[in-house]
Amino acid sequence: MTAAPGAVEAGTTDADADRVFAALASAVRREVLRLLREGGPQPVQALADHFDMRRPSLSEHLRVLREAGLVSEQRSGRQRIYRLEAAPLAEVQDWLHPYERFWRGRLKDLGALLDRMPDDDVT
């Protein structure tokens, strides 16, 4: 990306991006995002049923995801319903895109090199 220092994407600061990457660093939080992506909005208890941890620990993971903008919370009576907010993930994808292009080019070059090499006849 060609963002100015202090901005990752228009309207997104380095601190915002750091929170998203820190949130994604946890396997538990990535699994929560997967559950929300595949199952839609869910109450905390439905999410907690997928993990072998105490509910306060899961609540801490949900807080990190909420502060990173990756999930939103809505109260419905006594329940808290969590929903995936995918916009920050698009910003991560935008940040990763140049690296993907880099590795695709490297693999293409490797494939071309292997195509030029003579085959070893093993008999």
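In this text, all values refer to a predicted model and were calculated from it rather than measured experimentally.
If you chain together hydrophobic residues whose side chains sit under 4.5 Å apart, V32 and L84 fall into the same group.
When the side chain to side chain donor-acceptor pair (under 3.5 Å) test is applied to S57, no partner is found at least two apart in sequence or on another chain. Under the rule for a side-chain contact (heavy atoms from CB on, under 4.5 Å), the partners of H97 that lie at least two apart in sequence or sit in another chain are E100, R101. Take Q93 and apply the side chain to side chain donor-acceptor pair (under 3.5 Å) test, not counting sequence neighbours, and it matches no residue.
With values rounded to the nearest 0.5 angstrom, L65 atom CG is found 8.0 Å from L24 atom CG. Put simply, CD1 on I81 and CG on L36 are 10.5 Å apart, with the number rounded to the nearest 0.5 Å. For the atom pair CG of L33 and OG of S26, the computed distance is 9.5 Å after rounding to the nearest 0.5 Å. Atom CG of L58 and atom CD of Q45 lie 9.0 Å apart (nearest 0.5 Å).
Electrostatic pairing of D109 and R106 does not count as a salt bridge here, judged by no charged N lying under 4.0 Å from a carboxylate O.
The hydrophobic cluster around W103 extends to F102, counting ILVMFWY residues whose side-chain heavy atoms fall within less than 4.5 Å of a member.
When each of H61, E31, Q42 is paired with L47, the side chain to side chain contact (heavy atoms under 4.5 Å, CB included) condition holds for Q42 and for no other.
Pairs passing the salt bridge (Lys or Arg N to Asp or Glu O under 4.0 Å) check and including a residue from residues 40-60, sequence neighbours excluded, read E60-R63. Pairs engaging residues 77-87 under the salt bridge (Lys or Arg N to Asp or Glu O under 4.0 Å) rule: E73-R80 [sequence neighbours left out].
When side chains are defined from C-beta on, L35 does not count as touching Y82, because their heavy atoms never get closer than 4.5 Å.
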